[in-house]
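In what follows, chains are A, B, ... by sequence order, proteins preceding strands, each numbered from 1. This structure is a prediction, so every number in the text was calculated from the model and none was measured. Only this structure's heavy atoms are used, side chains among them; waters, hydrogens and symmetry mates stay out.
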Number of protein chains: 2
Amino acid sequence: MTESGARLDHLVSVLKGRGYRLTPQRKAVLQILAASDGHLSVEQIYARVKKDFPMTSLATVYKTVTLLKEMGEVLELGFSDGGNRYDGRKPYPHPHLICIRCRKIIDPEVTALSHLPQEVASSTGYRIVNHRLDFFGICPECQAAENQAGNNSAGQAARRNSIRRW
Amino acid sequence: MTESGARLDHLVSVLKGRGYRLTPQRKAVLQILAASDGHLSVEQIYARVKKDFPMTSLATVYKTVTLLKEMGEVLELGFSDGGNRYDGRKPYPHPHLICIRCRKIIDPEVTALSHLPQEVASSTGYRIVNHRLDFFGICPECQAAENQAGNNSAGQAARRNSIRRW
DNA sequence: TATTAACGGATAATGATTATCTGTTACGAT
DNA sequence: ATCGTAACAGATAATCATTATCCGTTAATA
């Protein structure tokens, strides 16, 4: 049994265990979420589903993803400027590293964060139910591309204007 | 000189230093951002600006806030489900604690995070330019309200359905 | 295989944000 | 002080990811 196969079985059993139907369209979405290495957009899921089920509607992808999110089996990475991403393999909070140029997202290893929610809870009295840690940066590939673009005015001006003091 | 007065002076000098005009509408937005304890929505800023300048347009508030954000003088807290918030007093990354019931946002004290960006940068090769840490929970007031609502079905069913394994 | 609530497809609606257009104004130069 | 002008403000249309709605279809159970 592959890892994605086990994950798919789990998603199917959770769905059925809660009395939801397993339709071909849903199964296709589950397969994609279980097989992907995470961080898919709805449009990406939609495009892949349509390879097997060309009649599938975008609304169905939204509905299935939302259903899985509400069951706690998919992690939604929402962004205010559109293009939310969905992780069907690690549906629990974990840090993300996002390239602001190509929008690639990876999961960096970050040490010793598990105590933070408890720390915040006891210092504030809030009941913590979720958290999120995102790092934004430029991936090595896009750094190389920027250096290629190189010594022309546009890139340098843009870089000069992005002053950061942290 | 009050703290918000100093902050306002700083915002004004940055604006003028970059050659932008200081209009009454902009000054009103700057004052509000400098005086508020952070985390204002555009609608909140808009409502306060209109007390002094009733003719002010919502678009102007958006434009001013975006301008300050691009200058690095305002921190934008974007949320995928709308209602972004703006912090004009601490425009650098810092943790936030968000009540998922009443949408109140506070700045919790969280220890020893400053090394994380560097850690992620060196382990991944990304150039880190920003980061964000949000905790989501229920504030003490909303917890009390939930307990008041108490032993009726709706609240309990909702709580039963929000299964969390982390 | 029949029943039926749940579901899928198509598309309209939503709503925060952005773009566009036009008349006005802050501000350095005169 | 006034002028000239690019920058600005107001009004509102456009955008676009997401959600809601409606109706025909179907998975799951008996």
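- With a 6.0 Å cutoff to the six-membered ring centre and a 45° limit on the axis angle, Arg132(A) counts as a cation-pi contact of Phe79(A).
- Between the two ends of the helix from dT1(C)-dA30(D) to dT30(C)-dA1(D), each summarised by a five-pair axis, the helix axis turns through 40° (rounded to 10 degrees).
- In summary, Arg89(B) and Glu3(B) engage in a salt bridge, as defined by a charged side-chain N under 4.0 Å from a carboxylate O.
- Atom CG of Leu67(A) is separated from atom NZ of Lys63(A) by 11.0 Å, given to the nearest 0.5 angstrom.
- A salt bridge links Arg127(B) with Glu146(A): the distance from a Lys NZ or Arg NE/NH1/NH2 to an Asp or Glu carboxylate oxygen falls below 4.0 Å.
- Remark: P of dC7(C) and CZ of Phe53(A) are 16 Å apart, rounded to the nearest angstrom.
- With salt bridges taken as basic N to acidic carboxylate O contacts below 4.0 Å, one links Arg7(A) and Glu73(A).
- Classified by interplanar angle (parallel below 30°, tilted 30° to 60°, perpendicular above 60°), the ring pair His94(B)/His39(B) is tilted.
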Discussion item. Walk along nucleotides 17-30 of chain C from 5' to 3' and tag each nucleotide B, S or - by protein heavy-atom contact under 4.0 Å, base first, then sugar-phosphate.
Written reply: BBB-----BBS---
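- Mapping Glu43(B) and Met55(A) onto DNA chain C via the closest heavy atom, the residue that lands nearer the 5' end is Met55(A).
- Ring planes of His131(B) and Phe135(A): tilted class, angle from 30 to 60°.
- Nucleotides of DNA chain D with any atom under 4.0 Å from a heavy atom of chain B span, from 5' to 3', dA6(D) to dT12(D).
- One finds no salt bridge joining Arg85(B) and Glu76(B) here, because no Lys/Arg side-chain nitrogen approaches an Asp/Glu carboxylate oxygen to under 4.0 Å.
- Annotation: the span from Tyr86(A) atom OH to Ser41(A) atom OG amounts to 9.5 Å, rounded to 0.5 Å.
- Tyr46(A) and Lys50(A) form a side-chain donor-acceptor contact under 3.5 Å, judged by distance and modelled atom types alone.
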